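Heads up: the structure comes next, in structure tokens.
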Amino acid sequence: MRFMKIKHVIGLVLLLSVAGVALASIPTARAGDDSRAPDLPSPLCNDVQVPSGNNVAFHVYARGTQIYRWNGTWVFVAPSAMLFADANYNGQVGIHYAGPTWESNSGSKVVATRVIGCSPDATAIPWLKLQTVSTNGPGIFSSVTYIQRVNTTGGLAPTAPGSSIGEAVEVP
């Protein structure tokens with residue numbers, strides 16, 4: 001029997017591209033079954049598209065913070081977010097943290113690196129295309145190839161200076 005490799009993208013406020021995972025193998029606590037690619041402002045965000053051959057597997061919605069540390073200027077440290085199955089933040093399906101890493105409730109993980117970004121909203125962190133560096137554990141994230149972080153709100157570094165070196169802040 002021959003198996004075809006299927007590439008998918010998991011759409012989210014962060015869109016994860018998955019290769020080699022059939023839709024039937026995605027856990028029941030699926031994040032949005034919407035298989036549409038995100039609407040990206042063109043031409044500003046054209047480079048945030050994942051390469052052709054990738055398809056949306058599902059959408060996940062994130063709620064969390066961007067962590068910054070003051071060293072005379074605000075320096076990004078890490079994200080900290082919960083991932084949900086729908087836009088109303090119901091059905092937690094995983095977490096997002098330093099690496100940057102995305103981990104499903106079943107334990108599969110993907111670590112990625114930034115490829116390119118765009119800033120369609122000056123009041124929010126950029127939309128990003130990230131490419132997988134490594135995966136770990138069986139599950140939906142085990143075959144992720146790309147991640148798109150889109151439709152962001154807030155999260156920018158503070159504009160006021162910190163009160164002391166080493167001060168950390170979490171920005172929603």
Side-chain angles (χ1 to χ4, degrees), residues 3-23 25-27 30-68 75-85 92-122 124-157 171:
F3 293 96
M4 293 175 51
K5 278 209 165 193
I6 301 172
K7 293 182 181 178
H8 298 282
V9 173
I10 300 171
L12 114 139
V13 169
L14 200 70
L15 206 73
L16 305 175
S17 301
V18 184
V21 178
L23 288 176
S25 69
I26 295 172
R30 291 173 58 126
D33 289 331
D34 185 349
S35 62
R36 290 175 297 129
D39 291 327
L40 301 175
S42 184
L44 178 64
C45 294
N46 287 351
D47 291 339
V48 174
Q49 281 294 358
V50 296
S52 63
N54 291 279
N55 300 302
V56 174
F58 61 84
H59 295 252
V60 180
Y61 301 83
R63 176 182 276 169
T65 62
Q66 297 288 89
I67 304 166
Y68 296 92
V75 176
F76 175 71
V77 175
S80 177
M82 293 180 291
L83 306 175
F84 296 91
Q92 185 176 348
V93 296
I95 57 175
H96 172 48
Y97 53 91
T101 303
W102 293 263
E103 182 175 346
S104 72
N105 286 349
S106 65
S108 64
K109 296 180 191 178
V110 60
V111 178
T113 188
R114 179 184 173 145
V115 175
I116 197 160
C118 65
S119 295
D121 179 352
I125 55 176
W127 294 15
L128 301 178
K129 174 172 69 177
L130 301 101
Q131 187 166 18
T132 296
V133 173
S134 66
T135 61
N136 187 318
I140 190 59
F141 295 152
S142 66
S143 298
V144 168
T145 55
Y146 287 93
I147 298 165
Q148 286 178 294
R149 181 182 75 188
V150 298
N151 302 320
T152 58
T153 58
L156 292 174
V171 181

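As the structure is a computational prediction, the values presented were derived from the model and not from experiment.
- Annotation: ring-ring contact (aromatic ring centres under 6.0 Å, His included) contacts of Y97 (sequence neighbours excluded): none.
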Check against side-chain contact (heavy atoms from CB on, under 4.5 Å), I140 and S106: CA-CA 9 Å; I140 190 59; S106 65; 5.6 Å; no

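- Rounding to the nearest 0.5 Å gives a distance of 12.5 Å between CD1 of I95 and CH2 of W102.
- Closest heavy-atom contact between R63 and F84: CB-CE1, 4.1 Å.
- With sequence neighbours excluded, the residues forming a side-chain hydrogen bond (donor to acceptor under 3.5 Å, both in side chains) with S108 are S104, listed by chain and number.
- Rounding to the nearest 0.5 Å places CG of L130 at 8.0 Å from CZ of R114.
- In this view, D121 and T123 satisfy the side-chain hydrogen bond (donor to acceptor under 3.5 Å, both in side chains) rule, not counting sequence neighbours.
- The two residues S80 and I67 come nearest to each other via the heavy atoms CB-CD1, 4.1 Å.
- Considering V133, N136, V111 in turn, V111 is the only one that fulfils the side-chain contact (heavy atoms from CB on, under 4.5 Å) rule with T101.
- Looking at K129 and D47, their side chains never come closer than 4.5 Å, going by heavy atoms from C-beta outward.
- A heavy-atom distance below 4.5 Å is found between the side chains of I125 and L156.
- Side-chain contact between K109 and F141 is absent, with no heavy-atom pair separated by less than 4.5 Å.
- Judged by distance alone, with hydrogens and angles left aside, the side-chain atoms of Y68 form a donor-acceptor pair with the main-chain N or O of G155 at under 3.5 Å.
- Residue I116 holds its CD1 atom at 10.0 Å from CG of N46, rounded to the nearest 0.5 Å.
- P41 has its side chain within reach of W127: a pair of non-hydrogen atoms, C-beta onward, lies under 4.5 Å apart.
- In this structure, CG in L83 is found 14.5 Å from NE2 in H59, a value given to the nearest 0.5 Å.
- Atom OG1 of T113 sits about 10.0 Å away from atom CD1 of I147, to the nearest 0.5 Å.
- Closest approach of T152 and P126 over heavy atoms only: CG2-O, 4.1 Å.
- Closest approach of C45 and L40 over heavy atoms only: O-CD1, 3.7 Å.
- Once rounded to the nearest 0.5 Å, the distance linking CD of Q49 with CG of N54 reads 10.0 Å.
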